[in-house]
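Reading through the structure tokens given below for one structure.
Please read these numbers as outputs of a predicted model, since none were measured by experiment. The figures that follow rest on heavy atoms only: side chains count, while hydrogens, waters and symmetry mates do not. Residue indices begin at 1 and follow the sequence shown.
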Amino acid sequence: MQRTTVLQEDWWKLRAEATWGNASAGQDLVALRAENDQLRRALTGRAVIDQACGMVMVLTPCSRGAARNLLVDVSRQCGTRLPEVAAAVVAAWEGKPLPERMQRALRRALRRFHAEDRGCGSSSADESSR
């Protein structure tokens, strides 16, 4: 007989399963270690994203959500994962040059952000950046 209990924590949107009975302890241990490693990587990425969001909030003056959306926009334009974009922004703050493609994407995202903030259409800002 195998019994599975599912625990869900809404804040983290994580799902944990504990199995008793037929499943081997070794398999459970391997799965838990893999999940632990994944969570560590996610938390590390989240810290640098939070730091970059704070920097954008200070420089742009905008809300946290708008700062994150701006970074996500840059990430999509560059085809780069969000933690990598955030790390590049933080490194640029510390003196390392921002890669050219990220500079262009950041300029476009900032133009769109400021155009939306002023209530202007964003299409003219997009066309002028090309």
Side-chain angles (χ1 to χ4, degrees):
M1 177 176 165
Q2 185 172 352
R3 180 176 154 210
T4 301
T5 303
V6 177
L7 306 170
Q8 182 140 3
E9 179 73 40
D10 288 336
W11 190 73
W12 287 96
K13 296 203 179 357
L14 298 178
R15 183 176 173 188
E17 292 186 13
T19 304
W20 296 274
N22 297 336
S24 73
Q27 289 173 336
D28 286 346
L29 183 60
V30 168
L32 288 172
R33 284 186 178 155
E35 183 178 4
N36 194 14
D37 290 342
Q38 180 185 6
L39 291 172
R40 264 198 199 105
R41 285 191 304 273
L43 286 175
T44 301
R46 183 178 173 107
V48 74
I49 292 168
D50 286 344
Q51 187 175 5
C53 281
M55 293 165 52
V56 170
M57 289 168 62
V58 167
L59 294 172
T60 312
C62 65
S63 68
R64 176 170 171 62
R68 183 175 173 83
N69 289 342
L70 192 133
L71 290 173
V72 167
D73 190 17
V74 171
S75 171
R76 287 181 183 150
Q77 288 182 46
C78 293
T80 307
R81 293 180 56 237
L82 182 58
E84 294 169 15
V85 169
V89 168
V90 171
W93 185 274
E94 296 169 349
K96 185 177 178 185
L98 196 63
E100 183 64 33
R101 73 181 191 285
M102 283 188 198
Q103 286 181 28
R104 286 191 307 267
L106 185 58
R107 271 191 229 103
R108 283 190 297 263
L110 285 168
R111 283 186 187 123
R112 271 194 300 278
F113 173 78
H114 289 299
E116 290 169 4
D117 192 39
R118 287 190 307 260
C120 300
S122 61
S123 61
S124 62
D126 286 341
E127 291 170 8
S128 66
S129 66
R130 291 182 186 153

Pairs touching residues 54-70 that satisfy side chain to side chain donor-acceptor pair (under 3.5 Å), sequence neighbours left out: Asp50-Arg64

All side chain to side chain donor-acceptor pair (under 3.5 Å) counterparts of Gln51, not counting sequence neighbours: none

Residues that Thr80 engages under side chain to side chain donor-acceptor pair (under 3.5 Å), provided they are two or more places apart: Arg101

Residues clustered with Val58, ILVMFWY side-chain links under 4.5 angstrom: none

Side-chain cluster (under 4.5 Å, hydrophobic types only) that Leu71 belongs to, other residues: Val48, Ile49, Met55, Val56, Leu59, Leu70, Val72, Val74, Leu82, Val85, Val89, Val90, Trp93, Leu98, Met102, Leu106, Leu110, Phe113

Inter- and intrachain pairs under salt bridge (charged side-chain N to carboxylate O under 4.0 Å, His left out), touching residues 78-98, at least two apart: Arg81-Glu84

For Asn36, all residues meeting side-chain contact (heavy atoms from CB on, under 4.5 Å), sequence neighbours excluded: Arg40

All salt bridge (charged side-chain N to carboxylate O under 4.0 Å, His left out) counterparts of Arg104, not counting sequence neighbours: Glu100

